[in-house]
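To start, the structure itself, in structure tokens.
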Amino acid sequence: MTLRLHDTASREVRDFVPLQEGKVGLYVCGLTVQSEPHVGHVRSGVNFDVLQRWLRVRGYDVTFIRNTTDIDDKILAKAEEQGRPWYNLAYEMHRELDRAYAALNVAPPTYEPAATGHVPEMVELIEALVERGHAYPAEDGSGDVYFDVRSWPTYGELTRQRIDDMEAAEDADPRGKRDPRDFALWKGWKVDREPATASWPSPWGRGRPGWHIECSAMAGKYLGTAFDIHGGGMDLRFPHHENEQAQSRAAGHPFAAYWMHNAWITTAGEKMSKSLGNSLTIPAVLERYRGIELRYYLVAAHYRSHVEFSFDALDEAVTGFRRVEAFLERAGVAGEAGSVVLADLPEAFVAAMDDDLGTPAAVAVLHDTVRDGNRLLADGADAAPVAARVLAMLDVLGLHPADPAWGGGDEAATTRLTEAVDVLVAGLLEERAAARAAKDFATADGLRDRLKAAGIEIEDTPSGPRWSLAQAHGKD
RNA sequence: GGUGGGUUGGCCGAGAGGCGAGGCAACGGACUGCAAAUCCGUGUACACGGGUUCAAAUCCCGUACCCACCUCCA
């Protein structure tokens, strides 16, 4: 079996062949750090984290670069509104994003470059484009530099659009552009409206980089002029990725061999960025759900499928995931995260993952395996080998329960608390056992109800009653 | 106007010419004092209208509705 991936450029699922045997260079467009991350933002982080994990399990040496855009119009505008320096806002939101990723067990990339740290690299690239005749300084003295779309014959190839079919941008006042579709590589400093801290020296005067150029410059710096996979959200296809590819190739770089794009999470049928959002920021969702549960919900859907977010659907996912956890608890297997080998995984799971990261099918295999394990348990047989396979699959998906990433709080304190509760519950369970022995079921059930009201569920098993915490968030 | 995607059972969500992914919910059975958990069983779904085919949810044509991108966007 070989790994096959959907390539946006060719619009088909094709065999993945790395440029260099055994190695993969992966670049993913991260976020513009301008507001608290919501569920939608974090999807691409989770999706590409799964890709990265799968590539590693498949034996590739992966160099994974995910950038952050820490300077742009929106950041400047918001910072101004909030009356603080733009870099202060960008930095705070960057930390917020890091927390969100950590809470979802999204592994840090090999390196996470920020736009503002790579201005010289961008200037160099722009200079090369000017020299080659694919870019020009604006003729209106604004200090802007534009990419000359007409000078690049294959412009539009990634998204299969012809220049003449494209709607010109509404804000496409001439501004010294040769064609309204020309895009800014460099934006001259607007002395009267923008802080000096948001400008850098360049051959065309002080200014700041345009949006698209940062990714071309940073991908080139860390992955080389040709690399394997470039990823990001659907909406980045055009203009961002189209422009990245055009400017990189116009500069003589082969650029990405595969393009991967994740689909949307919508709410009320709308793109999240357009709607409400507050209840769907990661910190807000994590007040009600565990990170591992949210991640399971995200992983259970295919990365190229639209997901219509709802708390009902999330609740269902939680129920499904708890079934898996309950099996592992019963099987008494904990294991350690981060040590999966291909041989540990069921064939069907591997086949599903190889087929363009078919996580839905992979999750189906997970559940099938859990059922096998439960059957063994029901027969009193040893389920440990099956549980090991379940753990291996969870590990690949970044859902290993024993992963320290889920630890979070003060574990020692939690352990002491658990022990304390255990003693208290044990006392009540003894009373209940006595009542049951005396066939006083009213008293026995009353005790069970009291515990239930306190959030503790009792199950009678062949080896005696056991207690567990109820789901923190019912389906009220 | 251009480009791309979607419409699947009560719900979520896969699949992509023949054998009903998986989950949740529901119902029946086993187990239980009753539950819970678990196991076993129960579903003839693919927007609509045509067509191709021995066979279509899957291919073709048309229609409707929805969404995204073409402006910053995961």
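Lettering of chains follows the sequences in order, A, B, ..., and the numbering in each one begins at 1.
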Can you figure out which of [options] approaches the side chain of [X] most closely?
| X | options | answer |
| --- | --- | --- |
| A/R11 | B/G4, B/C34, B/A74 | B/G4 |
| A/T32 | B/A74, B/C72, B/G13 | B/A74 |
| A/N262 | B/A21, B/A74, B/A36 | B/A74 |
| A/D235 | B/A74, B/G23, B/A37 | B/A74 |
| A/H306 | B/G5, B/A74, B/C11 | B/G5 |
| A/D368 | B/C12, B/C72, B/G22 | B/G22 |
| A/I265 | B/G22, B/C24, B/A74 | B/A74 |
| A/T319 | B/A37, B/C24, B/U3 | B/C24 |

Given the options A/K78, A/K190, A/R208, A/R193, A/D73 meets salt bridge (Lys or Arg N to Asp or Glu O under 4.0 Å) only with A/R208
Return yes if the base of [N] and the side-chain atoms of [X] contain a donor-acceptor N/O pair under 3.5 Å, otherwise no.
| X | N | result |
| --- | --- | --- |
| A/D460 | B/C34 | yes |
| A/R448 | B/A35 | yes |
| A/D164 | B/G2 | no |

Test the [X]-[Y] pair against the cation-pi criterion, namely NZ or CZ under 6.0 angstrom from the six-membered ring centroid and within 45° of the ring axis.
| X | Y | answer |
| --- | --- | --- |
| A/R66 | A/Y101 | yes |
| A/R290 | A/Y296 | no |
| A/R43 | A/F309 | no |

Within the pair A/R237 and B/U3, is there a side-chain N or O less than 4.0 Å away from OP1 or OP2? no
B/A74 phosphate, OP1 or OP2: any side-chain N/O from A/H41 under 4.0 angstrom? yes
Decide whether A/Q34 and A/D72 meet the rule of one side-chain donor and one side-chain acceptor closer than 3.5 Å. no
Atom CZ of residue position A/R84 - does it have more than 12 heavy atoms of other residues, nucleotides or ligands inside 6.0 Å? yes
Is a donor on one side and an acceptor on the other found under 3.5 Å between the side chain of A/N105 and the backbone of A/A405? no
With a 3.5 Å distance limit and no angle check, can you tell me whether A/D144 reaches the backbone of A/A138 through a side-chain donor-acceptor pair? no
Need to verify one output field. Residue with the more 5' nearest nucleotide on RNA chain B, A/L31 or A/A444? A/A444
For A/R432 and A/G358, take the nucleotide of RNA chain B holding the closest heavy atom to each; which residue's nucleotide lies nearer the 5' end? A/G358
When you compare [N] with [M], how far apart are their [atom1] atoms, in angstrom units rounded to a whole number?
| N | M | atom1 | value |
| --- | --- | --- | --- |
| B/A47 | B/C34 | P | 46 Å |
| B/A16 | B/A25 | C1' | 27 Å |
| B/A14 | B/C70 | P | 25 Å |
| B/G5 | B/G15 | P | 15 Å |
| B/C46 | B/U8 | P | 10 Å |
| B/C69 | B/A74 | P | 11 Å |
| B/G10 | B/C40 | P | 25 Å |
| B/G22 | B/U42 | P | 12 Å |

Let me know the distance between [atom1] of [X] and [atom2] of [N], rounded to the nearest Å.
| X | N | atom1 | atom2 | value |
| --- | --- | --- | --- | --- |
| A/I163 | B/U3 | CD1 | C1' | 14 Å |
| A/M166 | B/U3 | CE | P | 11 Å |
| A/Y297 | B/A14 | OH | P | 10 Å |
| A/R43 | B/A74 | CZ | C1' | 9 Å |
| A/F321 | B/G22 | CZ | C1' | 16 Å |
| A/F349 | B/A14 | CZ | P | 16 Å |
| A/E459 | B/A37 | CD | C1' | 5 Å |
| A/L366 | B/A14 | CG | P | 16 Å |

Tell me what [X] touches on the nucleic acid: a base, only sugar-phosphate, or nothing, going by heavy atoms under 4.0 Å.
| X | result |
| --- | --- |
| A/G232 | sugar-phosphate |
| A/H302 | sugar-phosphate |
| A/R160 | sugar-phosphate |
| A/I458 | base |
| A/G45 | nothing |
| A/T461 | nothing |
| A/F441 | base |
| A/D72 | sugar-phosphate |

Looking at [N], which nucleotide sits across from it as a Watson-Crick or G-U wobble partner, both distances under 3.5 angstrom, or is there none?
| N | value |
| --- | --- |
| B/G1 | B/C70 |
| B/C65 | B/G6 |
| B/C34 | none |
| B/C27 | B/G41 |

Stacking check: are the rings of A/W264 and B/A68 less than 5.5 Å apart at their centres and under 30 degrees in tilt? no
Treat primed atoms plus P, OP1 and OP2 as sugar-phosphate and everything else as base, then score nucleotides 38-47 of chain B 5' to 3': B for base contact with protein heavy atoms under 4.0 Å, S for sugar-phosphate contact only, - for none. SSS-------
Under a 4.0 Å threshold between the charged nitrogen and the carboxylate oxygen, would A/R466 count as salt-bridged to A/D422? no
Taking the six-membered ring for Trp, are A/H212 and A/F183 parallel (under 30°), tilted (30 to 60°) or perpendicular (over 60°)? perpendicular
A/Q245 side chain near A/W259 side chain, heavy-atom distance below 4.5 Å: yes
